[in-house]
Amino acid sequence: LVTAWFFGNDIPHIPNKREGGVCIGSKIAPIFFNTMEDAGALPIELDVGQMGMGDEIVLKIDHATATVTAFKAGAEIAKAPLKTP
């Protein structure tokens with residue numbers, strides 16, 4: 001969740017808030033999930049067991065089926081429903 005502070009763009013005239021960005025976690029508490037959505041971020045609950053610090057992760061979001069798939073080095077490592085429309 002800390003990554004929400006580093007990604008995205010500053011919101012003018014609102015200190016310590018950013019818009020945009022993505023936060024991936026295996027479980028995100030509802031209050032933080034809603035706060036990130038309100039701030040314009042995309043919170044994604046996804047199995048992060050195969051992700052490590054510094055890994056480059058590619059996300060494929062399929063809006064037609066409301067699913068998100070994570071790839072690392074071209075291989076699919078996780079897939080989950082997308083909660084945010």
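Computed from a predicted model, the values in this text were never measured in an experiment.
Of the options I77, T69, V68, a side-chain contact (heavy atoms from CB on, under 4.5 Å) to L46 is made by V68 and by none of the others.
The two residues V22 and I24 have their closest heavy-atom pair at CG1-CG1, 4.0 Å. For the pair K72 and Q50, the tightest heavy-atom approach, listed with the atom from each and the gap, is NZ-O, 2.6 Å. Between M36 and C23 the shortest heavy-atom distance is SD-CB, 3.4 Å. Taking each heavy atom of I28 and P43 in turn, the nearest pair found is CD1-CB, 4.0 Å. Of all non-hydrogen atoms in A70 and L59, the two that sit nearest each other are CB-CD2, 3.9 Å.
In this structure, D55 contributes its side chain and I57 its backbone to no donor-acceptor pair below 3.5 Å.
Interatomic distance, L82 CG to E45 CD, rounded to the nearest 0.5 Å: 10.5 Å. D38 contributes atom CG, which lies 11.0 Å from atom CZ of F33 (distance to the nearest 0.5 angstrom).
Side-chain atoms of V58 and K60, non-hydrogen and from C-beta on, never get closer than 4.5 Å to each other.
Criterion: ILVMFWY side-chain heavy atoms under 4.5 Å apart, direct or through other members. Under it, F71 and L42 are not part of a common hydrophobic cluster.
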